[in-house]
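Report on one structure; see the data block that follows.
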Amino acid sequence: MTEQTHGFIELFAAKAKRCPENVFARFGERAIRFSEIMRDASTLAAHLRQLGIGQGGRVAVMMDNSPASIVVVHALALAGIVWVPVNIRQRGAG
C-alpha cells in the first residue's frame, strides 16, 4: 500500500471544486470565496507563464496581507513557481 501526499494547492483546488462558493477568508466585510481565488490565481499563473516564468522559476513578492496576496501565492503555486517573500517593513538606510 502506498501513501499519497498532496500539496496545499492540490488540496485547495479539490476543495474549490467541491465547494466553490464557500468562504475561504474575510478581509473586513469582504468575503473571499474559493471560486474567486482559483479563478484569479489561474489567470495570473497563465500570465506568468506567458511572460516566460516557468516551473522552478523564482519570483520575489513584496506585499501587505490582502486579498491580492492570497491570489499571488496561489498563482505561484499553480504555476510551480517558487515564492520568495520579501518583508515589506525591511528598508534600507533612507
Side-chain angles (χ1 to χ4, degrees):
M1 186 163 82
T2 61
E3 182 179 326
Q4 247 185 333
T5 58
H6 298 283
F8 88 91
I9 200 65
E10 290 87 4
L11 294 171
F12 187 91
K15 174 79 174 193
K17 190 173 186 176
R18 281 192 320 274
C19 310
E21 295 310 308
N22 280 12
V23 173
F24 173 74
R26 292 187 185 277
F27 281 86
E29 297 295 314
R30 181 173 175 212
I32 311 297
R33 303 196 183 290
F34 280 88
S35 59
E36 177 184 354
I37 295 168
M38 285 305 295
R39 180 195 66 227
D40 294 347
S42 296
T43 300
L44 179 56
H47 182 69
L48 292 169
R49 286 189 290 266
Q50 287 176 345
L51 291 174
I53 305 169
Q55 188 161 352
R58 290 162 180 76
V59 172
V61 178
M62 180 183 265
M63 296 179 75
D64 259 331
N65 291 337
S66 68
S69 63
I70 293 172
V71 170
V72 168
V73 170
H74 281 82
L76 295 173
L78 279 172
I81 297 170
V82 177
W83 170 43
V84 181
V86 179
N87 185 334
I88 63 165
R89 290 174 180 51
Q90 188 73 14
R91 305 196 192 250

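We use all heavy atoms of the structure for the numbers below, so side chains are in, but hydrogens, waters and symmetry mates are not.
Looking at R58 and I53, their side chains never come closer than 4.5 Å, going by heavy atoms from C-beta outward. Here the side chains of W83 and V59 are not in contact, with every heavy-atom distance at 4.5 Å or above.
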Report the C-alpha separation of E10 and K15 in whole Å, then their side-chain angles, then the decisive distance to 0.1 Å, and conclude whether the salt bridge (charged side-chain N to carboxylate O under 4.0 Å, His left out) test is met. CA-CA 9 Å; E10 290 87 4; K15 174 79 174 193; over 6 Å; no
message: Walk me through whether S69 and D64 qualify under side chain to side chain contact (heavy atoms under 4.5 Å, CB included).
response: CA-CA 7 Å; S69 63; D64 259 331; over 6 Å; no
Taking it one step at a time, do T43 and H47 satisfy side chain to side chain contact (heavy atoms under 4.5 Å, CB included)?
CA-CA 6 Å; T43 300; H47 182 69; 5.8 Å; no
>> Would S66 and M63 count as a side chain to side chain contact (heavy atoms under 4.5 Å, CB included) here? Give the steps.
In response: CA-CA 8 Å; S66 68; M63 296 179 75; 4.2 Å; yes
Exercise for review: Show your reasoning for whether side chain to side chain contact (heavy atoms under 4.5 Å, CB included) applies to I32 and R26.
Suggested key: CA-CA 6 Å; I32 311 297; R26 292 187 185 277; over 6 Å; no
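N87 and R89 make their closest contact through OD1-N, 2.7 Å (heavy atoms, listed as atom of the first residue, atom of the second, distance). Across every non-hydrogen atom of A31 and E36, the tightest pair is O-OE1, 4.0 Å. In terms of heavy-atom proximity, V82 sits nearest to G56 at CG2-O, 4.1 Å. Contact detail for R33 and P20: the closest heavy-atom pair is CB-O, 3.9 Å. The two residues H74 and A41 make their nearest non-hydrogen contact at CB-CB, 3.8 Å. The two residues E21 and S35 have their closest heavy-atom pair at OE2-OG, 3.1 Å.
Rounding to the nearest 0.5 Å gives a distance of 4.0 Å between CZ of F12 and CD1 of I37. With rounding to the nearest 0.5 Å, the separation of CZ in F27 from CG in N65 is 6.0 Å.
Residues F34 and F8 fall within the same hydrophobic cluster, defined by Ile, Leu, Val, Met, Phe, Trp and Tyr side chains chained together at heavy-atom separations under 4.5 Å. Linking Ile, Leu, Val, Met, Phe, Trp and Tyr whenever their side-chain heavy atoms come within less than 4.5 Å leaves M62 and V71 in two separate clusters. M38 and V23 end up in different hydrophobic clusters when Ile, Leu, Val, Met, Phe, Trp and Tyr side chains are linked at under 4.5 Å.
If you run side chain to side chain contact (heavy atoms under 4.5 Å, CB included) between V61 and each of V84, I88, V86, L76, only L76 comes through.
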